[in-house]
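Structure, as structure tokens:
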Amino acid sequence: MTSITGADRDDARVLWDFHQLDHRVRPVSAAVALGGCDIGVVSAVAELYRARLFPTVVFTGAVTAATSGRFPRGEAVHFREAALALGVPDEAILLEPHATNTGQNITFARRVLEGAGKRVDSVLLVCMPYMQRRAYATCRRQWPEMEVRCASQRVPFDAYAEAQEDEAEFVAMMVGDTQRVMEYPGRGFAVEQDVPERVRDAFERLCGRGYDAWLLRD
């Protein structure tokens, strides 16, 4: 693991808290499990399914630059296999193996649900903890009529950070997600979110200390 300083960790915790939406989950028509580098998303899906919060889940995600080494056959494919191993029945699973970004996760999953004849008026987005805010904002733009909530593994920042193979890379990815929350509304990809000054300050400090590998460059 690449170690980070205490100051870096303090600023990262500010971003982590910002991305947590703390939605109260309740039964919904379907879940959409967004691909990413964290297989822990599947553990959250299995727990929520066992709680009977949804009858159907779409696993969505292709092979991406961030995950090709970990999930070489695609995020959705690997996530589905992990879900089956955790007891989620195959008949409850739909697969969307083509999306390479969050907007596509939402729009392609929507098409898969429609193609399967599923009537959906509420959806639960299950994703990495630090992806909640961006996922929510994207869904509100791409699927505006849908009632949407977010859920993730229930894990505190320190435990999550310590479990990462590369803590510095995890922080850099969270910095990238924070930038996208701020930038994507102007590009039409997501709805506007209020970003407190303390979050912007922590973001700028982390960028200045080199956690910029996943920033948008255009």
Side-chain angles (χ1 to χ4, degrees), residues 1-23 33-41 44 61-71 75 99-106 125-142 150-218:
M1 176 187 290
T2 303
S3 61
I4 68 175
T5 70
D8 295 341
R9 194 169 286 110
D10 288 344
D11 282 334
R13 190 177 290 106
V14 171
L15 302 190
W16 172 273
D17 290 344
F18 170 67
H19 288 290
Q20 304 293 301
L21 295 179
D22 297 322
H23 286 165
L34 279 63
C37 58
D38 182 6
I39 197 69
V41 170
V63 179
T64 68
T67 63
S68 59
R70 189 171 301 179
F71 306 125
E75 298 157 358
T100 59
N101 59 58
T102 307
Q104 290 180 355
N105 287 143
I106 302 299
L125 302 180
V126 188
C127 59
M128 298 179 294
Y130 62 89
M131 191 181 175
Q132 283 191 23
R133 188 173 292 276
R134 180 161 65 90
Y136 175 80
T138 303
C139 191
R140 294 296 302 133
R141 173 67 70 186
Q142 305 295 336
C150 292
S152 301
Q153 277 187 299
R154 291 172 292 183
V155 57
F157 169 79
D158 289 333
Y160 192 91
E162 290 171 5
Q164 304 308 301
E165 293 181 8
D166 188 329
E167 188 177 6
E169 179 77 355
F170 152 61
V171 173
M173 295 184 79
M174 190 160 54
V175 167
D177 263 56
T178 305
Q179 183 200 34
R180 284 159 177 77
V181 168
M182 296 187 287
E183 293 291 331
Y184 276 0
R187 303 187 185 200
F189 299 157
V191 298
E192 194 78 35
Q193 300 277 289
D194 177 55
V195 182
E197 185 175 353
R198 69 181 183 282
V199 174
R200 294 181 183 273
D201 289 345
F203 167 80
E204 293 293 344
R205 285 192 295 267
L206 287 167
C207 288
R209 294 199 292 266
Y211 293 92
D212 58 357
W214 291 95
L215 292 180
L216 300 167
R217 299 300 180 182
D218 53 0

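Nothing fancy with the numbering, it's 1 onward along the sequence. As a basis for the values below, the full set of heavy atoms in this structure was taken, side chains included, without hydrogen atoms, waters or symmetry mates.
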N/O donor-acceptor pair under 3.5 Å between [X] side chain and [Y] backbone:
{"X": "Q179", "Y": "L216", "answer": "yes"}
{"X": "Q142", "Y": "G103", "answer": "no"}
{"X": "S152", "Y": "C127", "answer": "yes"}
{"X": "Q20", "Y": "P129", "answer": "yes"}

Let me see the working for L215 and F203 under side-chain contact (heavy atoms from CB on, under 4.5 Å), right down to the final yes or no. CA-CA 11 Å; L215 292 180; F203 167 80; 4.0 Å; yes
Quick one: pull up [atom1] in [X] and [atom2] in [Y] and give me the separation to the nearest 0.5 Å.
{"X": "H23", "Y": "Y136", "atom1": "NE2", "atom2": "OH", "answer": "5.5 Å"}
{"X": "Y211", "Y": "L15", "atom1": "OH", "atom2": "CG", "answer": "11.5 Å"}
{"X": "E167", "Y": "D8", "atom1": "CD", "atom2": "CG", "answer": "9.0 Å"}
{"X": "R140", "Y": "Q193", "atom1": "CZ", "atom2": "CD", "answer": "10.0 Å"}
{"X": "Q104", "Y": "I106", "atom1": "CD", "atom2": "CD1", "answer": "11.5 Å"}
{"X": "Q132", "Y": "L34", "atom1": "CD", "atom2": "CG", "answer": "11.0 Å"}

Just grab all the salt bridge (Lys or Arg N to Asp or Glu O under 4.0 Å) pairs involving residues 177-197, residues at least two apart or on different chains. R134-D177, R187-D218
Kindly indicate, with the supporting measurements, whether the criterion salt bridge (charged side-chain N to carboxylate O under 4.0 Å, His left out) is fulfilled by D158 and R9. CA-CA 9 Å; D158 289 333; R9 194 169 286 110; 5.0 Å; no
How close do [X] and [Y] get, counting heavy atoms only, and between which atoms?
{"X": "V41", "Y": "A33", "answer": "CG1-CB, 4.2 Å"}
{"X": "Y130", "Y": "C37", "answer": "OH-SG, 3.9 Å"}
{"X": "A62", "Y": "T67", "answer": "O-OG1, 4.3 Å"}
{"X": "R200", "Y": "V195", "answer": "NE-O, 3.3 Å"}
{"X": "T138", "Y": "A190", "answer": "N-CB, 3.9 Å"}

Decide yes or no on side-chain contact (heavy atoms from CB on, under 4.5 Å) for T178 and H19, but give the supporting numbers first. CA-CA 8 Å; T178 305; H19 288 290; 2.9 Å; yes
Residues which pass ring pair (Phe, Tyr, Trp, His ring centres under 6.0 Å) with W16, listed by chain and number, not counting sequence neighbours: F157, Y160
Assess the residue pair M131 and D38 against the criterion (side-chain contact (heavy atoms from CB on, under 4.5 Å)); give the C-alpha distance rounded to whole Å, side-chain angles, the decisive distance to 0.1 Å, and a yes or no. CA-CA 11 Å; M131 191 181 175; D38 182 6; over 6 Å; no
Set of salt bridge (Lys or Arg N to Asp or Glu O under 4.0 Å) partners for R70, sequence neighbours left out: E165
Assess whether side-chain contact (heavy atoms from CB on, under 4.5 Å) is satisfied between D201 and R198, documenting all intermediate values. CA-CA 5 Å; D201 289 345; R198 69 181 183 282; 5.6 Å; no
